[in-house]
Undergrad: 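This is the structure I want to talk about, given as structure tokens.
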Number of protein chains: 2
Amino acid sequence: MTCTTPHAPNSPKRAAILDGAVKCFMEHGYAATSMDSVATAACVSKATIYAHFSSKADLFAAVIIHRCEMDLTNEAHWPEVGTDARASLSKVGRLLLSFFIQPDTLAIHRVVVAESARQPDLANAFWDAGPGKSCSKLFDLFEELGRKELLIIPNPIAAALSFAHLLKGEIFFCRLLGLPEGTERMTFDETVETAVDLIMKAYAP
Amino acid sequence: MTCTTPHAPNSPKRAAILDGAVKCFMEHGYAATSMDSVATAACVSKATIYAHFSSKADLFAAVIIHRCEMDLTNEAHWPEVGTDARASLSKVGRLLLSFFIQPDTLAIHRVVVAESARQPDLANAFWDAGPGKSCSKLFDLFEELGRKELLIIPNPIAAALSFAHLLKGEIFFCRLLGLPEGTERMTFDETVETAVDLIMKAYAP
DNA sequence: GTCTATAGAGCGATAGAC
DNA sequence: GTCTATCGCTCTATAGAC
């Protein structure tokens, strides 16, 4: 059992605490979130939180892992690889970029990056449960594209990472900083199209 | 004059405060940094800080802009564009990725991203003084490569952003999260080489 | 397990002497 | 301008009743 506390993981109070804590941490960050505000948001007393989680840092770690578990890889929206590489990449590209710029994804990214320097274990757990896992799915896709000879890919890992980082372009960073809409110089569609174009030019048979 | 306080911008105490605050904010983040710790780091009293900066948020904004001013675009290390597109891209790629993964760059990125949701003005100022300015330099480079017909670039902005985001790949994110060395699946050299290869394949005459 | 109440420490910001 | 001293508040975590 990998439960972080000796308590029932399906306890309704525990779930309420996690839900309340997610909102607080995402909105205000780790340090600026008080256990009182979590208690209020979860409609429980502060002492109840400490009955389920040994400290604020422990609660934070549980929240992050909890969020990762409802993540991209579990949504099973990954499209099938057909016979058209460009169409497959476009579909996956739109899916990935949509996910990247979701407000919740951005909020998680902000708090984890901010705290990773002070909580290295959390950063590792986040990597394993989040980006690391999503990357594996993308590796599989590129390997399949190579196996079906729809693309010629000497190094599927380099290709998959290139595609992912082309997608996670300027639009992601602008949203992450909360800049006014329109600051980015490439739209959603242009970003996906540019990424797909580059990959196709580099790896098309 | 755009000085944030009515005090002499070259005051030695003011400089000491900024230097001390940079270290504190970068190491501990915004919320976890106390004005007392800044005072200690700067070897001044807390009241002196408030004589130069009206609030903690004001000090933080001044620190971020101060850091951006000693940034990439002011170092004038940008290489000349010769007659070899691949060599130029490699040189610039190594320069950019080196800059991206500097500890100070990572630390600034962490704190600004973390606070941007709560201090939108700061995010805008950071964008203008930092990434926005660096991007312009990169646009110029790609336009020159196009003008010299070393590359065929229909859209220099898309090409420059693609190159930048290919470079700012997995290695940057792993360092940002403080993951153990070796977690990333592509080395520094492989990242630069992959980025240059993709751009060359897409835009070579 | 869950609550109310509170301990004990640290915070941002200021008053007043010099 | 710079200091020491302190105010008023909020914080994490716990004690003790039920």
Side-chain angles (χ1 to χ4, degrees), chain A residues 1 3-64 111 114-115 118-119 121-122, chain B residues 1 3-64 111 114-115 118-119 121-122:
Chain A
M1 300 308 222
C3 184
T4 56
T5 76
H7 305 270
N10 295 327
S11 153
K13 292 274 182 188
R14 189 188 153 92
I17 294 167
L18 281 174
D19 283 351
V22 164
K23 285 177 199 145
C24 292
F25 283 131
M26 286 193 180
E27 187 171 353
H28 303 109
Y30 177 75
T33 293
S34 73
M35 295 298 260
D36 277 307
S37 70
V38 174
T40 302
C43 298
V44 299
S45 76
K46 203 162 45 166
T48 300
I49 301 178
Y50 281 98
H52 288 266
F53 302 93
S54 66
S55 69
K56 185 182 172 179
D58 185 38
L59 172 61
F60 183 63
V63 161
I64 298 301
V111 293
E115 287 312 304
R118 287 169 289 285
Q119 304 191 39
D121 291 349
L122 172 69
Chain B
M1 297 310 224
C3 186
T4 56
T5 73
H7 305 271
N10 295 326
S11 153
K13 291 274 181 188
R14 188 188 153 93
I17 294 167
L18 280 173
D19 283 351
V22 164
K23 285 177 198 144
C24 291
F25 282 130
M26 286 193 180
E27 187 170 354
H28 302 109
Y30 177 75
T33 294
S34 72
M35 295 299 263
D36 276 308
S37 70
V38 174
T40 302
C43 298
V44 300
S45 76
K46 202 160 49 164
T48 301
I49 301 178
Y50 282 97
H52 287 266
F53 303 93
S54 66
S55 69
K56 186 181 172 182
D58 185 38
L59 172 60
F60 184 63
V63 161
I64 298 301
V111 295
E115 288 311 306
R118 287 169 288 286
Q119 304 191 39
D121 290 349
L122 172 68

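Order of the sequence lines fixes the chain letters, A, B, ..., with proteins taken first and strands second; residue numbering starts at 1 for each chain.
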Undergrad: I need the minimum non-hydrogen distance between Ala31(B) and Ala32(A), along with the two atoms involved.
TA: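 Scanning both residues completely, I find the closest heavy atoms to be CB-N, 4.2 Å.
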Undergrad: Please report the shortest heavy-atom distance between Thr33(A) and Val38(A), naming the atom on each side.
TA: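 Shortest heavy-atom contact: CG2-CG2, 3.7 Å.
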Undergrad: Of all of residues 18-38 of chain A, which get a heavy atom below 4.0 angstrom from DNA chain C, listed by number?
TA: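 Going residue by residue through residues 18-38 of chain A, none turns out to have a heavy atom under 4.0 Å of DNA chain C.
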Undergrad: Taking all heavy atoms of Gly29(B) and all of Arg118(A), pick out the closest pair and write down the distance.
TA: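 Answer, listing the atom of Gly29(B) first, then Arg118(A): N-NH1, 3.7 Å.
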Undergrad: Could you give me the CA-CA distance, side-chain angles and deciding distance for Leu18(B) and Phe53(B), then say whether side-chain contact (heavy atoms from CB on, under 4.5 Å) is met?
TA: CA-CA 10 Å; Leu18(B) 280 173; Phe53(B) 303 93; 4.0 Å; yes
Undergrad: Show your working on side-chain contact (heavy atoms from CB on, under 4.5 Å) between Ile64(B) and Glu115(B) and close with a plain yes or no.
TA: CA-CA 11 Å; Ile64(B) 298 301; Glu115(B) 288 311 306; over 6 Å; no
Undergrad: For Arg14(A) and dT2(C), give me the distance from atom CZ to atom C1', rounded to whole Å.
TA: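 Answer to the nearest Å: 16 Å.
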Undergrad: Could you tell me how far apart Ile49(A) (CD1) and dG1(C) (C1') are, to the nearest whole angstrom?
TA: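 So the CD1-C1' distance, Ile49(A) to dG1(C), works out to 14 Å.
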Undergrad: Would you kindly give the CG-to-P distance between Leu59(A) and dT12(D), to the nearest whole Å?
TA: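 It works out to 11 Å between those atoms.
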Undergrad: Which atoms of nucleotides 5-7 of chain C (N or O only) lie under 3.5 Å from a protein N or O atom, and what are those distances?
TA:
none

Undergrad: Restricting to non-hydrogen atoms, name the atom on Ser11(A) and the atom on His52(A) that form the minimum distance, rounded to 0.1 Å.
TA: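 What the structure gives for the nearest pair is OG-CE1, 3.5 Å.
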Undergrad: With a 4.0 Å limit, can you tell me whether Thr48(A) has a side-chain N or O closer than that to the phosphate oxygens OP1/OP2 of dT2(C)?
TA: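 No, outside the criterion.
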Undergrad: I'd like a table of donor-acceptor pairs (distance under 3.5 Å, sequence neighbours excluded) in which one partner is a side-chain atom from residues 21-28 of chain B, with atom names and distances.
TA:
none

Undergrad: Both Val44(B) and Lys56(A) contact DNA chain D. Taking the nearest nucleotide for each, which residue is further toward the 5' end?
TA: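 With Val44(B) and Lys56(A) compared, the 5'-side residue is Val44(B).
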Undergrad: Taking Ala57(B)'s backbone N and O only, do any of them form a donor-acceptor pair with Tyr30(B)'s side chain (distance below 3.5 Å, no angle check)?
TA: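 Flag set: sc Tyr30(B) to bb Ala57(B) pair under 3.5 Å.
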Undergrad: Starting from C1' on dT2(D), measure out to NE2 on His52(B) and report it in whole angstrom.
TA: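 Distance check: His52(B) NE2 to dT2(D) C1' gives 9 Å.
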Undergrad: Which whole-number value in Å describes the distance from Tyr50(A) OH to dG16(D) P?
TA: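 Going from Tyr50(A) (OH) to dG16(D) (P), I get 18 Å.
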